[in-house]
Every structure is written in structure tokens, then in C-alpha cells.
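What follows is a single structure, written as C-alpha cells, with notes after it.
Only this structure's heavy atoms are used, side chains among them; waters, hydrogens and symmetry mates stay out.
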Amino acid sequence: MGFIDDAKDAAEATGKKIGEAFDDAKERIGDKVDEAKAEQNVKKAEAERDATKAKNDYKESLRD
């Protein structure tokens with residue numbers, strides 16, 4: 001029965017390793033999604049800043 005027990009242990013270890021690899025991959029994908037969302041928010045904020053600056057510059061030129 002030693003061979004069967006060894007095979008069973010190996011199968012369990014392999015299953016555990018596959019599960020951990022899946023969880024790691026899922027976490028990496030989630031991290032990339034979060035990174036992309038943050039980058040999108042930064043670009044949006046920069047665009048709003050630039051638009052506000054342009055509006056303020058235009059208003060300032062009208063005051064002159």
C-alpha cells in the first residue's frame with residue numbers, strides 16, 4: 001500500500017500547487033486591473049486640470 005499512499009500524497013500536493021498557482025494568477029490579474037483603473041483616474045484628473053487651466057487662462061485674457 002505504500003505506492004498507493006505515495007501516489008495519493010503526490011496527487012494532493014499537485015492539486016494544492018495548482019490551486020495556489022490559480023489564486024496567484026487571479027491576484028496578479030486583479031492587481032493589473034487596479035493599476036489600469038488608477039492610471040485612468042490619473043489621466044482623467046490631468047485632463048480636468050488642463051481644461052480648468054485653459055478656461056482660467058481664457059478668462060484672464062478677457063480681463064486684460
Side-chain angles (χ1 to χ4, degrees):
M1 290 289 179
F3 177 74
I4 293 174
D5 289 336
D6 289 345
K8 182 179 174 184
D9 290 343
E12 288 176 2
T14 301
K16 186 175 180 180
K17 187 78 168 180
I18 290 170
E20 289 173 356
F22 177 77
D23 290 341
D24 288 346
K26 188 171 114 178
E27 188 174 330
R28 281 190 206 109
I29 291 169
D31 291 346
K32 288 292 183 182
V33 168
D34 291 343
E35 184 179 333
K37 286 180 182 178
E39 186 65 30
Q40 181 181 5
N41 289 340
V42 167
K43 289 182 180 190
K44 181 181 176 185
E46 288 174 344
E48 288 175 2
R49 178 200 62 206
D50 293 345
T52 301
K53 183 177 181 335
K55 179 183 74 172
N56 291 342
D57 289 348
Y58 177 72
K59 284 180 168 180
E60 189 63 33
S61 70
L62 293 176
R63 291 183 188 121
D64 292 336

Output for pair (Glu46 CD, Lys53 NZ), nearest 0.5 Å, gives 14.5 Å
So NZ of Lys32 and CD1 of Ile29: to nearest 0.5 Å the spacing works out to 11.0 Å
Exceeds 12 heavy-atom contacts within 6.0 angstrom, atom CD of Gln40: no
Could you grab the distance from atom NZ of Lys55 to atom CG of Asp50, nearest 0.5 Å is fine? 13.5 Å
Thr14 OG1 to Asp9 CG distance, which is reported to the nearest 0.5 Å: 10.5 Å
Going by heavy atoms in the side chains, are Lys44 and Glu48 under 4.5 Å from each other? yes
Straight-line distance of Asp57 CG to Thr52 OG1, nearest 0.5 Å: 10.5 Å
Basic-acidic side-chain contact under 4.0 Å: Glu20, Lys17: no
